[in-house]
Amino acid sequence: MDLYRALRPLIFRLDPETAHNLAFRLGAVACALPVLPKPTHAASLRRTAFGLDFPTPLGLAAGLDKGATLLPLWKSLGFGHVEIGTVTPRPQPGNPRPRLFRFPEVGLILNRMGFNSEGAEVVAARLRHRPAGLIVGGNLGKNKETPEAGALDDYRAAYRLIAPQVDYTALNVSSPNTPGLRNLQAPEALKPLLAGMLDLRREMGLERQPLLLKLAPDLAPEDLDAIVEVAVASGISGLIATNTTLDRGVVAGALRTLVESKGAGGLSGEPLKAKARDVRRRILAALRGRLPLVACGGLGTAEDVQGALDDGAALAQIYSALIFEGPALISRIHQGLR
Ligand SMILES: Cc1cc2nc3c(=O)[nH]c(=O)nc-3n(C[C@H](O)[C@H](O)[C@H](O)COP(=O)(O)O)c2cc1C
């Protein structure tokens, strides 16, 4: 029996953020157990991407474990990698509540969390006790009050603390919930940002540690092509696509009105699937194999993940589907992967 599915009606009666906090408290209890079940992965699931060896292509997308508090649990559940964060250099509370909404009828999440973060110092200290055998990525952002002109300094401050504790880093320039953040995706803003980060990586002697860039699904096709060229020329290690969408057109009819009534935020889950897939295909075509791509956005079944890998993605990440399906989804996906 799938306990999560059985309890879902009760869980979903709670306010989403209350349910999240409760699940994390239970998860912390599980992490404190003397032994957690060890995951087993078929050897055929192994793959190498940007120089790292992954036991499986499936990972947990950024934003669920922002503070790296449940890493032993994610490992035990079978994820090959976990992207922690987004971590901002200084602590910040994020947006006022309510800021998280779920629409189970269509597997949709709306969030405007706004980078609630304990700050890089606290998260880096926690990462010093991370479990072995799990690839951990550090997803980095800037503080809300930092003006766009100071963005590079913020990403560098977070990088200095987080990068020494993780296997790869990802620059989040695609959250819709920090005003102006997505402007950093424009080639003229992206070039100095990536150059500044790669300089710091070299200064810190971390040139062999992959640095990725996470993109939004709301970019025009020509803009995607230009961004790909900037990314390849810069020398970064890969791309993650996609983050949440601002496009309310991914939901139709009465539900759209309901979603719109909840206000600002990014949409994720099943309704994002087609849009994220189209964006990824455009990026993969423009990349022509020059950099690896991590698929994210609307993936919810083994077929979705397999499809993304068959399209040419190196790895795949999930978030929303895990909320709706529960932890058993991870082994279901693994069973269905070739
Ligand atoms: C509640 C919530 C919070 C998120 N927070 C972050 C974040 O802090 N940083 C980030 O890069 N992406 C964040 N994301 C985006 C996810 O990592 C992912 O890109 C997006 O949800 C699409 O994948 P999905 O359809 O499988 O959920 C968040 C998503 C949700 C639903």
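Being a predicted model, the structure only gives us computed values, none of them experimental. Counting starts at 1 for both ligands and their atoms, in listed order.
Remark: minimum distance from atom 13 (C) of ligand 1 to any protein heavy atom is reached at A62 O, 3.3 Å. For atom 21 (O) of ligand 1, the nearest protein heavy atom (residue, atom name, distance) is S268 CB, 3.2 Å. With hydrogens left out, the protein atom closest to atom 12 (N) of ligand 1 is K214 NZ, 3.1 Å, a heavy atom. Of the protein's non-hydrogen atoms, C296 SG, 3.5 Å is the one closest to atom 18 (C) of ligand 1.
Counting atoms of ligand 1 from 1 in the listed order, those under 4.0 Å from a heavy atom of N139 are 10 (C), 11 (O). Listed by number with element, the atoms of ligand 1 under 4.0 Å from a non-hydrogen atom of N172 are 9 (N), 10 (C), 11 (O). Under a 4.0 Å criterion applied to the non-hydrogen atoms of S320, ligand 1 contributes the atoms 24 (P), 25 (O), 26 (O), 27 (O). Using a 4.0 Å cut-off to heavy atoms of L100, the atoms of ligand 1 that qualify are 1 (C).
Classification of D311 and R280 as a salt-bridged pair fails, no side-chain N sitting under 4.0 Å from a carboxylate O. Remark: R282 engages D225 in a salt bridge, criterion side-chain N to carboxylate O under 4.0 Å. Here D154 does not pair with K144 in a salt bridge; the nearest charged N to carboxylate O distance is not below 4.0 Å. The pair D153-R156 does not count as a salt bridge, with every side-chain nitrogen at least 4.0 angstrom from each carboxylate oxygen. Contact check on E325 versus R5 returns a salt bridge, with a Lys/Arg side-chain nitrogen under 4.0 Å from an Asp/Glu carboxylate oxygen.
Every heavy atom of A321 sits 4.0 Å or more from the atoms of ligand 1. Using 4.0 Å as the threshold, G297 has a heavy atom nearer than that to some atom of ligand 1.
The parts of N243 lying near ligand 1 are both backbone and side chain, judged by heavy-atom distances below 4.0 Å. With a heavy-atom cut-off of 4.0 Å, T242 touches ligand 1 through its backbone alone. Heavy atoms of E83 found under 4.0 angstrom from ligand 1: none, in either backbone or side chain.
Taking any N or O of T244, backbone or side chain, none lies under 3.5 Å from an N or O belonging to ligand 1. Inclusion of T86 in the set of residues having an N or O under 3.5 Å from an N or O of ligand 1 is warranted. For ligand 1, the polar-atom distance check finds no N/O of I109 at less than 3.5 Å from any of the ligand's N/O atoms. For ligand 1, the polar-atom distance check finds an N/O of Y319 within less than 3.5 Å of one of the ligand's N/O atoms. Note: no N/O pair closer than 3.5 Å links L299 and ligand 1 by distance alone. Ligand 1 has an N or O atom lying under 3.5 Å from an N or O atom of G298, backbone or side chain. Residue-to-ligand polar distances place K66 within reach of ligand 1: an N/O pair is separated by less than 3.5 Å.
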Run the side chain to side chain donor-acceptor pair (under 3.5 Å) test on E148 and N183 for me, step by step, so that the C-alpha distance in whole Å, both residues' side-chain angles and the decisive distance to 0.1 Å come before the verdict.
CA-CA 8 Å; E148 265 172 79; N183 297 340; 3.3 Å; yes
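The two residues P217 and K275 make their nearest non-hydrogen contact at O-CE, 3.4 Å. Scanning both residues, I135 and F54, for their nearest heavy atoms gives CG2-CE2, 3.6 Å. The two residues R182 and T245 have their closest heavy-atom pair at NH2-CA, 4.4 Å.
When G63, G266, S174 are checked for heavy-atom proximity to atom 6 (C) of ligand 1, G63 turns out nearest. In the candidate list D304, N111, L267, N111 is nearest to atom 30 (C) of ligand 1, counting heavy atoms.
How far CZ of F50 is from CD of Q209: 11.0 Å, rounded to the nearest 0.5 Å.
Environment of CD in E118: crowded, with over 12 heavy atoms of neighbouring residues, nucleotides or ligands closer than 6.0 Å.
N21 and E17 share no donor-acceptor pair across their side chains, judged by distance under 3.5 Å alone.
Looking at L215 and N243, their side chains never come closer than 4.5 Å, going by heavy atoms from C-beta outward.
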